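In this text, all values refer to a predicted model and were calculated from it rather than measured experimentally.
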Amino acid sequence: MNNIDVSKVIDQARFNRFHWTVLFWCALIIIFDGYDLVIYGVALPVLMKEWNLTPLQAGALGSYALFGMMAGALVFGPLSDRIGRKKAITICVILFSGFTVLNGFTTNPTEFGICRFIAGLGIGGVMPNVVALMSEYAPQKIRSTLVAIMFSGYSVGGMLSAGLGMVLLPSYGWQSVFYIAGIPLLLLPLIMKFLPESVGFMVKEGRTEEAAAVLSRVEPTFKMKAGDQLAAPAGKAKGGNVLQLFREGRALQTVMLWVAFFCCLLMVYALASWLPKLMTKAGYGLGSSLSFLLVLNLGAIFGAVGGGWLSDKMNMPRVLAVFFAIAATSISLLGYKSSTEVLYILIAIAGATTIGTQILLYALGAQFYEMSIRSTGLGWASGIGRNGAIVGPILGGALLAAELPLQANFLAFAIPGAVATVAMIVFALRQQTRRTHEPKLATSAA
């Protein structure tokens, strides 16, 4: 009898058509996930005027989706380790797409907030699952790059929101941009057909023939022989148990990952929600302010893909520490009077090192946690991080209501970048210590 480690088959596979398929559908889901999230910041100036919202009310309304995202990440991350990634992703797509469309039919802030919360369940729940699925099927040598490319769909969705907002808002009203979110519902049958289930989950469920068929697509030379058995990666962790995230020497790094997620998402959502409004206050027109949001997300794509490539070549936590330091610097400089060209460059750098870094954090979590607890680890990191995402829009609203100088607003948004830099340095140092001690422990045990 020969036990075949499915992770080794996947790690050593060459990138092929199957990987393209997984990348395409995961990226498409993330594109609309990003669109549905960022669309609030695009519609915010119009909503504030139409419903006479104060900055604090607008910040609170923006946080309803983020509360939903926190709950969605905490629920659907661990749940998918029990019911499978594919089912969890399908449920999440129905939630975030369906209820974002319903946002376009709401007539008051209460109805809007309820729909945003329920949509947030899907938005937050789908992220850890598509990252876990892409990480599971990506060849080891290009794993970080593929996860970064896939998650760059989030920024494409943000750019799509800003671009369509510039075109649709003046002529068709704020409702029109929410109707576009229904496209994933139309594509759902194709998503269910072409998106594969987690091979690790199929092995755990005893669905050996299905798992073998998928592995033969991952690596065309793979053939199961009579008597062969498929085995998921060895590990003590059992899926769906959050306590496993703190065992086997993972506690400090889990906490540091949570701190980094919290700080990063605070910066991302503070900028996504308030950048257009702050720039309008600084004297730019609505069209120009939305173009800043476009540049922010464009920068994120370069940051994510470039950071993913660097992380495949170098130490990922150290790359993230440098990115966070650059984020803190660029955001703090946004508050000072600059030429339009310099301002665009700073916003692009801020997007690259905040939204782009958020993408890389998911890749780091996917590599740090083993397959059996990967969605749980990512779900909890994302869920804890959503507290920062909730604080971001509220903080922006409070700062705007206090009528502080523009520099003070952006400086407040930059401080979490410095905290996240320290968290990633600690994570890297702990990683180095573990790698130094584990071989010694193995030798002593032998």
Side-chain angles (χ1 to χ4, degrees), residues 6-7 10-11 26 30 69-86 88-89 92 123-138 140 143-144 146-148 150-151 198-201 203-204 232-265 308 311 316-317 320 357-389 420 423-424 426-428 430-431 434-435 438:
V6 296
S7 66
I10 294 169
D11 287 348
C26 286
I30 287 293
M69 290 175 71
M70 178 176 68
L74 293 175
V75 170
F76 287 105
L79 183 64
S80 75
D81 283 329
R82 297 180 182 275
I83 68 171
R85 313 259 193 264
K86 192 170 182 176
I89 289 171
C92 290
I123 294 171
V126 83
M127 286 184 181
N129 283 299
V130 291
V131 173
L133 193 66
M134 188 72 251
S135 297
E136 181 173 339
Y137 282 118
Q140 187 175 28
R143 184 163 292 148
S144 297
L146 288 182
V147 171
M150 180 273 296
F151 220 132
S198 159
V199 70
F201 179 77
V203 170
K204 186 178 73 172
K236 300 175 183 177
K238 295 181 180 179
N241 188 350
V242 68
L243 294 178
Q244 297 293 344
L245 308 180
F246 295 89
R247 293 174 180 161
E248 300 177 37
R250 289 187 285 258
L252 179 61
Q253 285 172 287
T254 289
V255 172
M256 290 301 102
L257 191 64
W258 288 4
V259 170
F261 260 89
F262 178 92
C263 293
C264 186
L265 288 169
S311 297
M316 182 181 279
L320 285 166
T357 305
Q358 177 206 2
I359 293 166
L360 296 178
L361 277 175
Y362 275 99
L364 176 63
Q367 293 185 20
F368 177 58
Y369 296 114
E370 62 188 61
M371 188 186 295
S372 61
I373 57 169
R374 186 168 292 148
S375 282
T376 300
L378 288 172
W380 272 83
S382 180
I384 296 297
R386 293 301 155 196
N387 288 284
M424 281 296 97
V426 173
F427 188 101
R430 175 58 179 155
Q431 184 182 63
R434 287 182 68 188
R435 286 177 177 173
E438 283 173 1

Original post:
With distance as the sole test, does Asn387 use its side chain to make a donor-acceptor pair with the main-chain N or O of Ile384 at under 3.5 Å?
Top reply: yes
Subject >> From CA spacing to verdict: side chain to side chain contact (heavy atoms under 4.5 Å, CB included), Ser382, Tyr362 >> reply: CA-CA 8 Å; Ser382 180; Tyr362 275 99; 2.7 Å; yes
Subject >> Spatial distance of atom CG (Leu378) from atom CZ (Phe261) [nearest 0.5 Å] >> reply: 6.5 Å
Original post:
Phe246 versus Val255: any side-chain heavy-atom pair under 4.5 Å?
Top reply: yes
**OP:** Mind listing the closest non-hydrogen atom pair of Ala138 and Ile10 along with its distance?
**Re:** O-CG2, 3.9 Å
Original post:
Does any non-hydrogen side-chain atom of Val131 lie less than 4.5 Å from one of Arg374?
Top reply: no
Original post:
Is there a donor-acceptor pair under 3.5 Å between the side chain of Arg250 and the backbone N or O of Arg247?
Top reply: yes
**OP:** First locate atom CE of Met150, then atom CD1 of Ile359, and finally report the distance between them rounded to the nearest 0.5 Å.
**Re:** 9.0 Å
Subject >> CA sep, side-chain torsions, deciding dist, call: Tyr369, Thr376, side-chain hydrogen bond (donor to acceptor under 3.5 Å, both in side chains) >> reply: CA-CA 9 Å; Tyr369 296 114; Thr376 300; over 6 Å; no
Original post:
Can you tell me how far the OG atom of Ser144 sits from the CE atom of Met316, to the nearest 0.5 Å?
Top reply: 3.0 Å
Subject >> salt bridge (charged side-chain N to carboxylate O under 4.0 Å, His left out) against Arg430, all qualifying residues, sequence neighbours excluded >> reply: none
Original post:
How about Phe201 and Ser80: do any of their side-chain heavy atoms sit closer than 4.5 Å?
Top reply: no
Subject >> Phe427: ring pair (Phe, Tyr, Trp, His ring centres under 6.0 Å) partners, not counting sequence neighbours >> reply: Phe368
Original post:
Can you name the closest pair of heavy atoms from Leu245 and Gly377 and give their distance?
Top reply: CD2-CA, 3.5 Å
Original post:
Quick one: CG on Asn129 to SG on Cys26, what's the gap to the nearest 0.5 Å?
Top reply: 10.0 Å
Original post:
So, for Val259 and Ala423, which heavy atoms are closest and what is the spacing to 0.1 Å?
Top reply: CG1-CB, 3.9 Å
Original post:
For the atom pair CE (Met127) and CD1 (Ile30), what is the distance rounded to the nearest 0.5 Å?
Top reply: 5.5 Å
Original post:
Can you find a heavy atom in the side chain of Met424 that is under 4.5 Å from one in the side chain of Leu361?
Top reply: yes
Subject >> Value rounded to 0.5 Å, distance of CE in Met70 from CH2 in Trp380 >> reply: 10.0 Å
**OP:** Grab the two heavy atoms, one from Ala73 and one from Pro78, that are nearest each other, plus how far apart they are.
**Re:** O-CD, 3.8 Å
Subject >> Test salt bridge (charged side-chain N to carboxylate O under 4.0 Å, His left out) applied to Arg85 - qualifying residues, sequence neighbours left out >> reply: Asp81, Glu136
